[in-house]
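One structure is given here, and the rest of the page talks about it.
Below, chain A is the first sequence line, B the second, and so on; all start at residue 1.
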Amino acid sequence: MIQPPRIAYLIEPRFPGGTSAAIATELRAVSKTASVKIYAYSSKMFKGRSIARSLAIALSELGLEIEWDPERIAADTVIVHNPTFLKFDAVFAPKIVTPHLIVVTHENFTRPGGAEPFDVAHCLALLERSGLALRKSLAPVSQYNRSTVENWLASRSASSAWEVLGENWHNICNVNGAPPTDRPRDRRGRHSRSGFEKFPSMADMDLIFPETAEANVILGADLFLRYAVQKPHWQLLPFGSVELTEYFDMIDFMVYFCAPTLRESFGRVISDATSAGKVVITDADTAMNFGKGVISARPADVSDIIARLIGQPARYQEHVKQAQADLANLSADAFMARHAAVLMHPEVRAK
Amino acid sequence: MILVESGSRDAHAFEGKVLFAQQLADLGYPAFVDAETLPDKMNRALRYDIAGLLGDADDVPLDAVIVLGVEALVEPTMNRLRQLMEGSAATLHAVGRFDTTQSEIHARTRLAYATGREPQVIDLLQMQTGALPIDATSPMVFSAQPVAQPSQIPRLTLVLPDDVMDNPATLPTLAAIDSMPGLQLRALVSGRGKEEMRRSRYASLSTLHYSELYPAELANTADIVAFYGKSIPGERMALFATEMIGAGKPVIDATEGSLFQKGQAPALLAHPDLATLPHFVEHTVLANAKDIGESALAGPWARSRDIQTLLAQLGLSAPRSKEEPRTDTPRTVFFPTNGHGIGHARRCSLIASELAKPDTALFTAFPSCMSMIEARGFPVVPLVPRSDVHSNKYASDLITTRRLGRFVGPGDHLVFDGGHVFDSILHTISKTGCKATWIRRGLFRAGQLGMLQTDREALFDQVITPQECFEELNTEEVFRAGLSPVGPIVDVPEDVHPETQRSALTETLGIAFDKLVVTMLGSGFSTERSAQLNALCLQMETRPDVLHLVVVWPGASVAPTAFQWNRTRVVRTLSSIDLCLAADFVISAAGYNSFHELLYNKVPAIFVPQVAPQLDDQARRASAAAERGLALSVEADDFLTLERHVAEWIDTDTPHDIRQALNNVTLPERGNARAAQLIEKVTG
């Protein structure tokens with residue numbers, strides 16, 4: 001009898017946003033073909049927080065139990081998601097014994113300009129020192145993320161024990177896209193968590209959400225609300241105050257730019273909008289992760305692009321359909337096929 | 001402009017950024033702190049600290065933004081910086097203390113996210129050797145001062161936290177050290193410590209709260225500092241020690257646990273028992289002060305805390321040149337307090353007139369005194385008087401601090417005349433290092449001596465105490481060391497023509513008279529005198545041969561009823577003595593100036609002493625003259641006696657007899673010229 005491969009996940013299940021959602025989706029896919037074991041590490045970073053809801057639901061559905069703070073983790077493959085959870089910890093106690101240790105780099109290793117967003121070397125060193133692994137891999141989640149990982153490694157003078165996987169360890173996206181509207185209107189929106197890093201300058205915000213638009217819906221506008229930003233033509237909604245489906249009903253264009261000192265490592269909000277049947281306009285680095293359907297632009301060009309697409313509904317629909325087709329590359333099947341060498345038993349891989 | 005910001009918004013961080021902004025401002029950098037970040041509650045000292053540093057960051061072109069304590073960056077600061085940096089060409093600098101690489105990256109990243117640009121980050125833990133055990137926001141750097149020998153009498157400052165002040169042996173030991181002629185002592189204590197000191201029998205010891213002066217000002221006015229107790233009481237005191245080391249002055253570590261030594265600071269270890277200090281200072285510190293200072297300054301701890309090192313790292317361009325230093329003759333800047341009249345200003349103007357170079361005198365004075373001073377030929381810089389409409393009781397003194405800062409420089413001589421040494425005086429002297437004289441006069445009543453700010457005497461190079469003309473009125477404080485008594489400071493006009501004055505009055509007022517009576521009962525601020533005034537006016541109304549002048553200074557309040565009489569006229573004047581010299585007699589309160597002017601100008605007077613609790617002992621003064629037959633004294637509420645004496649003085653030759661007695665008495669020499677000489681001696 002063929003034993004399914006043993007895959008151990010080492011996670012910090014209290015990541016509140018995209019990381020936990022990505023892990024949840026991945027577990028649903030991987031557990032179909034592998035024997036999955038979940039280990040959790042209680043880091044200083046999320047002390048006092050509870051497990052992310054999306055992850056808790058997935059674990060419950062899959063009947064997976066969490067083993068907290070194990071002394072030893074042994075499996076055919078050990079996958080560590082998002083090593084940033086170790087950034088505030090001075091020591092990392094668990095011993096990892098595996099032929100292959102994969103660290104999924106949910107966050108970029110450098111920011112635009114080259115500065116590190118977290119102490120990458122420290123986090124990797126903690127894992128490196130704790131692990132007895134024949135192979136240690138870094139798994140970027142996107143093309144842009146890959147470039148930051150490779151640049152970071154290249155900037156290290158000492159030879160690294162880490163290799164970079166050839167295929168991206170992308171977030172698994174919903175590819176069952178909603179149809180685009182055939183009468184697009186100048187209804188714009190954006191959604192994200194409310195951190196400063198998620199927003200461009202106010203000058204750019206004014207360009208991409210102008211008074212002339214029929215609607216400017218900003219979901220995750222907690223900071224603007226807290227500091228009483230006076231923009232009567234903006235509809236400011238706190239993060240989580242409406243369901244995404246309700247929010248997407250309010251817009252036709254998702255216009256997403258963040259601070260110039262940040263780039264999204266993956267851009268889950270982009271895939272959300274694409275799945276919802278919306279045209280997405282974003283910066284070139286972020287657009288690169290999703291294919292041609294997602295429109296790459298500068299803030300100053302956004303209004304012209306929107307005006308053009310409103311005048312050409314067919315072009316609008318083409319953009320959405322192209323983007324949704326590109327999302328197929330980020331499906332669960334694509335993910336499993338891409339990482340069969342790691343995630344499937346040799347017999348299964350042979351088929 | 002350079003905005004100095006702090007990561008945290010708490011009061012402690014605010015103080016830290018104010019301390020560094022002031023250091024930059026002292027070096028001529030256009031540094032300021034954002035008015036929007038003012039804490040909700042501020043103590044008095046902090047208000048003085050920020051008076052010259054506040055700015056509205058929205059309205060100021062920013063060249064650089066320096067964020068201190070960036071490791072404690074909070075969201076409101078991030079939001080404010082986001083607003084200010086948007087579209088600005090200012091450079092962004094972050095200064096902090098990072099115990100891990102991650103903490104530095106964390107701070108850098110948060111600032112970069114908030115502002116959309118990459119800050120320059122400076123890690124003080126990397127830059128500086130050792131660290132004192134305090135939670136600091138400011139970079140704890142010093143502006144290097146030249147190594148200086150101690151002043152002639154070394155100024156010893158002690159930093160005494162509450163645990164030291166709680167020791168019952170502390171105050172007597174301090175008093176013993178203070179009595180040593182070879183040391184000038186100053187204690188720096190907490191608010192509680194200061195209050196305990198004030199209530200004790202040792203209230204005259206020179207004492208300041210930790211926060212009353214900037215650390216650099218404390219260092220300017222100290223030669224040696226010794227730290228005691230279980231802790232270094234906060235960032236200001238640690239910065240004071242840093243400034244002292246930077247100035248090449250000895251710092252003594254007598255803390256329990258040798259806190260400076262643990263922080264690798266070049267401080268001299270001493271026994272924590274205060275009683276052992278004098279010998280240690282005399283035989284170890286003073287004997288080697290220069291070597292100690294130079295050695296400390298040359299070491300790695302000090303070198304890593306030179307503000308120039310930090311400024312070089314920040315890459316700030318050289319400051320705009322500060323205002324060109326004045327090259328004219330040093331000024332003697334008189335600052336007469338307002339009091340309840342214009343007596344302080346009159347006294348100062350009399351002294352200034354006696355200066356060998358009166359044109360070096362400049363007055364800073366309140367509006368009520370300005371015309372009088374200008375009439376005597378001196379330039380005046382106006383000050384803002386206290387007002388109930390101000391938001392706090394020291395708002396006007398904050399403006400005075402700023403104004404004195406503009407007109408008093410290091411080579412000048414500040415001459416203050418008043419009873420209460422304002423904080424503006426404290427700051428001006430400490431900041432500029434100017435010479436300073438305190439003219440302090442007073443015939444204090446029992447219970448008032450404790451109100452004297454003798455603890456601030458040490459600020460001044462000398463204290464001139466104008467004396468009373470009668471010996472028994474001069475209190476025992478005359479014999480205290482450090483005081484310079486001078487004779488009464490009195491105006492005695494030389495070119496006097498009483499008859500001409502009387503003719504002019506008849507002509508001007510259109511009232512013929514045979515007898516002229518002048519009443520000067522005071523300004524009305526301290527004591528309500530309208531009842532006596534009405535009684536006198538009524539009495540004079542029945543005297544067709546009498547002209548009754550109610551003489552007040554221009555700012556005084558006068559009851560409306562004083563204007564309704566036929567034989568009485570109200571005269572507002574700054575030179576009452578001219579009218580008094582023309583009068584047959586004067587009915588007057590017994591304030592120092594009026595009293596002595598009447599006696600020295602041989603004017604017969606009936607004194608009606610004011611008795612308000614804040615005034616000096618007018619009753620004793622009036623009695624002393626009356627007992628000598630040189631005047632009459634009538635209690636304020638004794639209306640019938642006053643009426644009887646006034647009638648008698650109008651109807652008889654009593655005023656003539658009194659004038660004779662005054663002509664025959666020998667009064668002490670006036671002190672006008674002597675006071676001027678003493679001032680010039682200090683001026684040099």
Side-chain angles (χ1 to χ4, degrees), chain A residues 43-45 83-92 107-126 152 192-207 221-230 257-264 283 299, chain B residues 5 7-9 34-38 57-58 62 65 67 70-123 125-126:
Chain A
S43 69
K44 284 184 181 173
M45 186 175 177
T84 62
F85 69 78
L86 291 169
K87 64 187 179 185
F88 295 124
D89 289 86
V91 294
F92 177 67
E107 294 194 20
N108 296 331
F109 277 17
T110 57
R111 293 191 284 106
E116 285 179 306
F118 65 100
D119 190 352
V120 179
H122 169 75
C123 295
L124 293 185
L126 285 181
W152 184 87
S192 68
R193 283 187 293 108
S194 65
F196 289 108
E197 71 277 16
K198 296 291 187 183
F199 292 88
S201 67
M202 286 304 279
D204 283 347
M205 285 292 287
D206 284 336
L207 283 172
D222 307 53
L223 281 171
F224 295 145
L225 291 164
R226 199 143 61 233
Y227 295 103
V229 170
Q230 301 293 321
F257 290 86
C258 54
T261 43
L262 171 79
R263 282 293 176 272
E264 294 289 351
D283 64 85
Chain B
E5 189 48 274
S8 167
R9 282 289 179 98
D34 187 3
E36 194 183 280
T37 63
L38 275 177
D58 291 310
L62 298 176
V65 175
V67 186
V70 72
E71 65 274 19
L73 193 62
V74 295
E75 188 190 282
T77 303
M78 294 167 75
N79 187 61
R80 181 64 174 155
L81 290 171
R82 181 182 179 82
Q83 293 169 357
L84 295 175
M85 296 304 287
E86 170 123 19
S88 167
T91 53
L92 180 61
H93 312 268
V95 180
R97 295 172 175 84
F98 310 110
D99 49 7
T100 63
T101 305
Q102 176 55 42
S103 68
E104 180 192 338
I105 292 173
H106 187 65
R108 176 198 298 274
T109 304
R110 295 183 78 216
L111 199 54
Y113 286 161
T115 61
R117 66 183 72 187
E118 292 299 332
Q120 179 206 17
V121 180
I122 292 175
D123 183 359
L125 292 184
Q126 293 286 328

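H106(B) has its ring centre less than 6.0 Å from the ring centre of F88(A).
In this structure, CZ on R117(B) lies 10.5 Å from OG on S201(A), to the nearest 0.5 angstrom. With rounding to the nearest 0.5 Å, the separation of NE2 in H122(A) from CD1 in I105(B) is 10.0 Å. T261(A) contributes atom OG1, which lies 12.0 Å from atom CZ of R108(B) (distance to the nearest 0.5 angstrom). Note that CD of Q102(B) and CE of M45(A) are 8.0 Å apart. Values are rounded to the nearest 0.5 Å.
At a 4.5 Å heavy-atom cutoff, the contact between E86(B) and chain A is made by side-chain atoms alone. For chain A, no part of T100(B) is nearby; none of its heavy atoms comes within less than 4.5 Å. No part of E104(B) comes within reach of chain A, as not one of its non-hydrogen atoms sits under 4.5 angstrom from that chain. R110(B) does not touch chain A: none of its heavy atoms, backbone or side chain, sits under 4.5 Å away.
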Please evaluate residues Y227(A) and Q83(B) with respect to the criterion side-chain hydrogen bond (donor to acceptor under 3.5 Å, both in side chains), reporting the C-alpha separation (whole Å), side-chain torsions for both, the decisive distance (0.1 Å), and the verdict. CA-CA 11 Å; Y227(A) 295 103; Q83(B) 293 169 357; over 6 Å; no
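The two residues L262(A) and Y113(B) make their nearest non-hydrogen contact at CD1-OH, 3.4 Å. Taking every heavy atom of both residues into account, G116(B) and P260(A) meet most closely at O-CG, 3.4 Å. Across F196(A) and N79(B), no two heavy atoms sit closer than the pair CZ-N, 3.6 Å. E118(B) and A115(A) make their closest contact through OE1-CB, 4.0 Å (heavy atoms, listed as atom of the first residue, atom of the second, distance).
In this structure, R82(B) forms no cation-pi arrangement with F199(A), as its terminal cationic atom is not both closer than 6.0 Å to the ring centre and no more than 45° off the ring axis.
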